[in-house]
Amino acid sequence: MPSAKIYYDNDANLDVLKDKTIVFLGFGNQGAAQAQNLRDSGIPNDKIIIANRPDHYAEDAKSKGFNVEHDFAKAAKAADVVFLLIPDQVQPRVFNNEVAPNLKDNAAIVVASGYNVFYKLLNFKPSQDVVMVAPRMIGSSVRSLYTKGKGFPCFVSVEQDGTGKALEIALALSRAIGATKAGAIASSAREETAMDLFAEQALWPNIIMLFREAFSVLKEAGCSDEALCYEMWMSKEPAEIFERAAEDGFIQQLKHHSTVSQYGQLSGALALDGKQAREHFKNILYNQVLNGKFCQEFSKIEADLEKEGDANPLNVLYQKSEETELGQAEKRVRARLAGLLQAE
Ligand code: NAI
């Protein structure tokens with residue numbers, strides 16, 4: 001596999017956005033950050049429309065001086081470019097019913113996540129451009145890094161080149177939101193979805209499981225809940241380790257630890273052959289993520305995620321997870337700490 005291409009400011013020409021009407025569908029985490037960055041990059045305010053249902057996000061957009069349109073069909077009719085920045089699970093319903101039928105034949109549609117494009121849940125016309133500009137950062141950082149004159153990591157791709165100019169547009173938009181300053185990495189909806197869902201469904205579940213089991217084993221050996229919570233995460237040591245890994249290197253960060261720790265970690269990790277984990281990971285990647293099985297299952301429960309109490313499957317998963325030894329112990333420790341803090 002060759003190295004990925006990286007695009008910088010010099011690869012992008014903001015002129016291709018001249019006279020284009022740019023619609024942001026959604027003014028949440030990403031929408032608020034990207035719209036403000038784009039405006040601060042010189043796109044005139046009267047060329048930007050925030051399409052948002054009447055809620056506190058719409059009020060926020062108004063308070064920041066944006067033109068807000070509650071009628072999605074009207075906004076879609078005016079759009080040359082439309083950023084889809086509402087939650088992934090509601091995009092198919094809202095886009096396919098209210099936006100797509102009203103979009104120009106040569107409009108550019110921008111997604112910030114590969115999910116709905118990779119699983120073909122959105123209805124595009126072949127003449128339209130579909131691009132992905134996917135910041136690898138939460139919205140508040142997309143905004144704060146831009147205002148500090150810094151870039152942020154971002155994936156960019158062309159998923160459908162209806163006009164023959166999709167890459168130019170994708171790069172200009174990436175530059176306008178501040179994504180090419182530090183380098184936007186050429187990717188694809190497939191790659192982004194595979195990595196994202198793999199992390200969420202394979203890597204992090206294993207990490208949660210390892211912490212849960214480690215907690216129980218050490219508790220059984222006589223360690224207190226308080227000591228365990230602090231030792232394992234409340235001290236923020238794991239957060240610091242990952243921060244060092246990003247700065248110094250995944251392996252080199254170990255040099256900040258004691259020699260006993262370095263020896264234990266390196267020899268311990270090399271002694272684990274990882275075969276079982278590798279098979280498990282492949283199974284999740286090919287038989288759950290890439291073949292669309294998870295997407296189909298998730299689509300079935302999507303409507304239930306708005307429900308209250310046990311009718312919402314996410315609430316049930318939270319309840320079960322909180323019932324584990326780790327979950328119960330942490331609740332006790334946090335309640336006790338809250339008491340101590342109040343007494344101070
Ligand atoms: P969000 O959860 O902040 O979205 C809120 C916005 O969606 C508001 O404008 C709200 O009015 C609108 N909205 C919510 N439900 C709606 C509905 N039923 N009908 C119409 N509008 C509705 O969204 P977020 O987190 O900014 O995600 C947007 C996109 O950005 C997604 O594709 C996500 O995967 C992607 N992304 C998000 C990141 C993040 O930091 N949260 C990071 C990178 C990509």
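Just follow the structure's listing: the first ligand is 1, and inside any ligand the first atom is 1.
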| Would one find more than 12 heavy atoms of other residues, nucleotides or ligands at under 6.0 Å from atom NZ of Lys282? | no
| remark: Quick note, side-chain hydrogen bond (donor to acceptor under 3.5 Å, both in side chains) partners involving residues 238-249, not counting sequence neighbours, are Asp248-His256
Check each N or O atom of ligand 1 against all protein N or O atoms and list the pairs under 3.5 Å, with atom names and distances to 0.1 Å, one per line.
from	atom 1	to	atom 2	distance (Å)
ligand 1	3 (O)	Asn29	N	2.8
ligand 1	3 (O)	Asn29	ND2	3.3
ligand 1	9 (O)	Phe27	N	2.8
ligand 1	9 (O)	Asn52	OD1	2.6
ligand 1	11 (O)	Asn52	ND2	2.9
ligand 1	11 (O)	Asp55	OD2	2.6
ligand 1	15 (N)	Arg53	NH2	3.4
ligand 1	18 (N)	Arg53	NH1	3.3
ligand 1	25 (O)	Asn29	ND2	3.0
ligand 1	26 (O)	Asn29	N	3.4
ligand 1	26 (O)	Gln30	N	2.8
ligand 1	32 (O)	Asp88	OD1	2.6
ligand 1	32 (O)	Gln91	NE2	3.3
ligand 1	34 (O)	Asp88	OD1	3.4
ligand 1	34 (O)	Asp88	OD2	2.6
ligand 1	40 (O)	Gln30	NE2	3.2
ligand 1	40 (O)	Gly139	N	3.4

| said: Check this for me: does any side-chain nitrogen of one of Asp40 and Arg143 sit under 4.0 Å from a carboxylate oxygen of the other? | reply: yes
| remark: The ring-ring contact (aromatic ring centres under 6.0 Å, His included) partners of Phe72 (sequence neighbours excluded) come to none
Throw together a table of side-chain donor-acceptor distances under 3.5 angstrom for residues 119-140, partners on residues two or more places apart or in other chains.
from	atom 1	to	atom 2	distance (Å)
Tyr119	OH	Val289	O	2.6
Lys125	NZ	Asp105	OD1	2.8
Ser127	OG	Asp105	O	2.6
Gln128	OE1	Lys125	N	2.9
Gln128	NE2	Lys104	O	2.9
Asp129	OD1	Gly162	N	2.9
Asp129	OD1	Thr163	N	2.8
Asp129	OD1	Thr163	OG1	3.1
Asp129	OD2	Thr163	OG1	2.6
Arg136	NH1	Glu192	OE2	3.0
Arg136	NH2	Asp196	OD1	3.3

| NZ (Lys219) with more than 12 external heavy atoms under 6.0 Å | yes
